[in-house]
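In what follows, every heavy atom counts, from backbone to side chain, and hydrogens, waters and symmetry copies are set aside.
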Amino acid sequence: MKNYTVRSNNSLSNQVGPIAIEEKNYEGKDQKINILMVDDHPGNLLALEAVLNSSDYNLISASSGEEALKCVLKKDFAVILLDVQMPGLNGFETAKLIKAREKSKYISIIFITAINQTTEHVLQGYSLGAVDYIFKPFHPETLKLKVQEFVKIYQNHEQTKRRSELQRQVELKEVNKKLESTTFDLRKNEALARVIGETLLDTIITFDDQGYTLSVNPAVKEMFGYSMEEVLGQHIVNLLPEVKYNNSESTPLQMDSIKESTGQLLEAVAKHKKGGGFPVDIQIGEAIIEDEYIYVCSIRDITIRKNMEQAKKQQYRLLEKLVEERTQKLSLANEKLRKEIDERKKVEEDLRLSKEHFYKIFESSPCLIEIRSLTDGRYINVNPSWLNYTGYRYEEVVNQNTSVLYIRQNPNQAKKESYSLKTTDRIRNAKIQYQTKSGDVHEGLLSTEIFDIQGESCILSVITDITENVRLESEMARLDRLNLIGEMAAGIAHEIRNPMTTVKGFLQLSKSDPEPFNIEYVDLMLGELNRANSIITEFLNLAKNKVSYKTLQPLNPIIEGLYPLIQAEALLSNKSISLQLGECPKTFLDEKEISQLILNLSLNGLEAMNAGGQLLVKTYTENETVVLEIQDQGCGIKPEFLDTLGTPFFTTKETGTGLGLAICYSIVERHNAVIDLKTSEQGTVFFIRFHEIENIKV
């Protein structure tokens with residue numbers, strides 16, 4: 001008997017090698033958690049940043065829904081704080097677009113609103129995928145704790161994803177091992193089948209040229225169920241009813257064909273004594289004994305081999321299916337990885353272009369641009385325009401910790417101070433004065449922005465030099481004053497000539513009549529002289545070159561101090577006055593001039609109303625300006641008079657001088673404020689907007 005050894009075939013490892021994936025190491029370095037804050041009001045963004053400021057968070061701000069969508073496309077975020085009421089895309093529409101994207105649909109969204117507080121809006125927010133709905137004003141600590149919890153949920157989700165991916169890799173390795181084991185078993189079974197086929201005793205039958213059995217070995221009992229005696233003398237066709245010739249279909253055994261196939265290994269169908277056929281291999285040898293042909297047929301039962309071949313085909317089909325499925329998964333993973341690589345390349349290219357554009361703008365801008373560190377006040381960089389205007393050399397400025405330019409906001413301020421680097425408030429076009437290296441004082445408009453450079457907080461300051469513009473404005477103002485003097489000369493002469501004519505007439509009358517003047521004539525002359533003096537006084541108040549002594553003070557106390565005087569005037573004509581004074585920051589004001597402004601507009605409003613009317617004086621803050629609103633319930637101003645309002649000596653009153661509104665416009669201009677109005681048949685509203693308020697820190 002031969003000895004057979006079954007060895008493991010390592011070729012399977014080579015076949016399934018593309019399926020195996022090395023276990024990835026997911027233990028990376030800790031990274032900051034991205035949190036997106038979306039609000040169209042910069043003040044709200046600063047408030048959120050102050051509440052959520054943490055070394056663990058990377059706080060990113062967006063001022064609109066469109067900008068927020070761009071941020072979501074570029075980065076992964078744990079939490080999004082989303083304002084509901086925004087121009088363009090509102091919070092609900094932005095949240096819907098974010099949730100519609102597969103990659104961002106699981107981001108936690110917290111709506112923050114001060115307006116849409118109804119149950120309907122809250123339910124709408126939750127239906128769009130929000131995890132919370134917070135109303136302004138919010139409690140900072142509560143918001144901070146909520147964000148921390150949602151960040152923990154995001155981190156747990158990420159850890160779960162990493163564990164799932166790791167588990168999937170482990171399972172794939174186990175499947176590969178099982179495939180190797182199964183294939184090895186198949187090969188082992190094939191080898192064992194071959195061993196069994198070679199070691200079993202084959203049935204050997206001899207028959208004559210007619211096909212009748214001459215002899216048979218004992219194996220016929222085990223294979224066919226017949227005894228040797230039962231087989232002897234029987235025709236070979238009783239044992240082998242069908243034979244395959246040249247791998248063709250099975251056909252009934254024919255002696256002529258058998259004789260022609262001597263020496264060949266053929267497949268046949270053997271018939272068992274109990275009925276039923278089984279596959280066998282036959283090999284026929286021919287011998288001639290005494291001129292008689294004797295044929296020897298070796299019959300081997302190949303049932304086990306056939307079954308093994310069928311099982312092997314099934315196993316191969318299963319393996320091919322697994323390989324195909326795994327290949328599809330790998331193809332999808334490779335496609336996804338390719339897209340991510342393309343996206344990262346695009347982001348890197350956009351970042352490179354952005355840096356290039358910033359550098360070109362920085363170098364070629366006509367404005368003075370400087371970048372300083374908020375940590376130690378160090379000058380990081382200045383552009384060529386900054387050096388040209390100030391007269392400093394680059395080496396004298398960069399890396400200096402002390403301020404080089406002495407900046408002050410109020411031109412009347414004597415002390416020269418640089419603006420504070422400690423504030424995080426942005427400045428927009430604040431009028432300032434700065435000093436060059438040679439000591440010259442220039443005028444400018446200052447704007448600032450806070451941002452990070454490689455993890456370091458910095459401030460970008462941009463100064464637009466308006467020295468020449470200020471000089472031209474001053475010259476134009478001087479020319480305007482001269483022009484105004486020329487235009488007003490005729491009006492003043494006419495207005496003063498009338499009372500002077502009256503006084504002159506009475507004085508000439510006194511020369512011809514020696515009797516003493518009647519007291520009524522004296523009173524009339526004094527009234528005319530007072531009128532002329534009043535016109536001259538108001539004309540002086542109208543002068544544009546009058547110096548205003550402005551100080552930083554609140555507006556509301558001035559109004560409250562004038563309230564009793566205005567109320568007394570209103571009660572005399574059966575009218576009323578109402579105050580609605582809101583909280584407002586301090587403003588640079590000349591108290592005497594502002595008092596005159598309020599009195600002129602209030603008295604004009606009272607004169608425009610009938611008995612029973614109400615005058616409303618209101619203050620509030622709007623878009624970083626303090627607004628003074630004075631509203632009457634008169635008949636309004638006719639459209640044809642609107643273009644001439646504020647023109648000296650224009651009036652619709654019988655006894656008016658036409659200088660009251662002109663003085664108001666002059667006061668507003670000296671305070672760098674803006675005055676406008678709305679009028680209708682229901683009344684007139686004057687709006688005075690003051691821009692120089694205390695939240696501009698310099």
Side-chain angles (χ1 to χ4, degrees), residues 30-163 424-425 450 452 455 457:
D30 293 337
Q31 297 181 352
K32 286 188 176 181
I33 300 299
N34 291 328
I35 296 178
L36 179 60
M37 305 177 297
V38 187
D39 199 304
D40 59 325
H41 293 289
N44 294 341
L45 291 175
L46 291 175
L48 290 173
E49 184 175 352
V51 172
L52 301 177
N53 187 25
S54 172
S55 59
D56 298 329
Y57 300 156
N58 182 22
L59 301 178
I60 299 175
S61 300
S63 60
S64 64
E66 292 83 354
E67 187 178 349
L69 293 176
K70 293 180 181 179
C71 294
V72 172
L73 288 176
K74 295 179 180 179
K75 296 185 178 182
D76 294 331
F77 295 94
V79 180
I80 297 178
L81 302 174
L82 186 57
D83 185 25
V84 175
Q85 191 70 24
M86 293 187 297
L89 284 177
N90 61 29
F92 292 151
E93 294 171 344
T94 304
K96 185 177 180 181
L97 293 175
I98 291 174
K99 290 297 183 178
R101 181 169 175 262
E102 182 65 27
K103 189 174 180 181
S104 61
K105 65 188 296 185
Y106 297 108
I107 298 177
S108 298
I109 297 178
I110 302 176
F111 281 120
I112 301 179
T113 181
I115 300 176
N116 300 321
Q117 301 186 8
T118 62
T119 303
E120 178 184 356
H121 285 90
V122 174
L123 292 177
Q124 183 180 0
Y126 285 121
S127 67
L128 291 174
V131 298
D132 207 342
Y133 202 104
I134 297 177
F135 302 123
K136 300 176 182 176
F138 53 81
H139 191 275
E141 191 62 28
T142 300
L143 177 62
K144 184 176 182 180
L145 293 175
K146 285 187 177 184
V147 170
Q148 287 178 355
E149 291 303 318
F150 288 126
V151 168
K152 289 181 180 178
I153 292 174
Y154 169 78
Q155 291 175 331
N156 292 335
H157 176 68
E158 291 298 311
Q159 291 178 359
T160 302
K161 284 173 59 179
R162 291 196 291 268
R163 294 195 188 103
T424 58
D425 294 338
I450 307 297
D452 290 341
S457 295

**Study point:** side-chain contact (heavy atoms from CB on, under 4.5 Å) between Ile60 and Lys75, worked out
**Key:** CA-CA 10 Å; Ile60 299 175; Lys75 296 185 178 182; 3.5 Å; yes
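- In terms of the salt bridge (Lys or Arg N to Asp or Glu O under 4.0 Å) criterion, residue partners of Lys152 (sequence neighbours excluded) are, by chain and number, Glu149.
- Counting only heavy atoms from C-beta outward, the side chains of Asp39 and Ser63 never approach each other to under 4.5 Å.
- The closest donor-acceptor contact from the side chain of Ser108 to the backbone of Phe150 lies at 3.5 Å or more, if one exists at all.
- Counting all heavy atoms, side chain and backbone alike, Ala78 lies closest to Ile33 at CB-CG2, 3.2 Å.
- Looking only at distances, no side-chain donor or acceptor of Asp452 sits under 3.5 Å from a matching main-chain atom of Gly455.
- Between Ile110 and Ile80 there is no side-chain heavy-atom pair separated by less than 4.5 Å.
- Here the closest heavy-atom approach between residue Leu48 and residue Met37 is recorded as CB-SD, 3.5 Å.
- Side-chain contact between Phe92 and Phe111: present, with at least one pair of heavy atoms (C-beta onward) separated by less than 4.5 Å.
- Distance check, rounded to the nearest 0.5 Å: CZ of Arg162 to OG1 of Thr160 gives 9.0 Å.
- The side-chain heavy atoms of Val38 and Asp83, taken from C-beta on, include no pair separated by under 4.5 Å.
- Within the 4.5 Å cutoff, no side-chain heavy atoms of Ile35 are placed close to those of Asn58.
- A donor-acceptor contact shorter than 3.5 Å is absent between the side chain of His41 and the backbone of Asn44.
- Taking both residues in full, the closest heavy atoms of Leu82 and Gly91 are given as CD2-O, 3.1 Å, listed atom of the first, atom of the second, then distance.
- For the pair Leu36 and Leu81, the minimum side-chain heavy-atom distance is 4.5 Å or more.
- For the pair Leu46/Ile450, no side-chain contact is recorded, criterion being any heavy-atom separation below 4.5 Å from C-beta on.
- Every side chain to side chain contact (heavy atoms under 4.5 Å, CB included) that Ser64 has, sequence neighbours left out, goes to Glu66, Glu67.
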Exercise for review: Please step through side-chain contact (heavy atoms from CB on, under 4.5 Å) for the pair Phe77 and Ile109, ending with a clear verdict.
Suggested key: CA-CA 10 Å; Phe77 295 94; Ile109 297 178; over 6 Å; no
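- A donor-acceptor pair under 3.5 Å links the side-chain atoms of Lys99 to the main chain of Ile107, judged by distance alone.
- In plain terms, the two heavy atoms of Ser104 and Val72 that are nearest each other are CB-CG1, 3.6 Å.
- The salt bridge (Lys or Arg N to Asp or Glu O under 4.0 Å) test applied to Glu158 returns Lys161, not counting sequence neighbours.
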Practice item. With side-chain contact (heavy atoms from CB on, under 4.5 Å) as the test, would you mind laying out the steps for Lys146 and Ile134 before giving the verdict? Key: CA-CA 10 Å; Lys146 285 187 177 184; Ile134 297 177; 4.1 Å; yes
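- Rounded to the nearest 0.5 angstrom, Leu69 CG and Glu93 CD are separated by 10.5 Å.
- Across every non-hydrogen atom of Leu45 and Ser61, the tightest pair is CD1-CB, 4.0 Å.
- Taking the side chain as every heavy atom from C-beta outward, Val151 and Tyr57 approach each other to under 4.5 Å.
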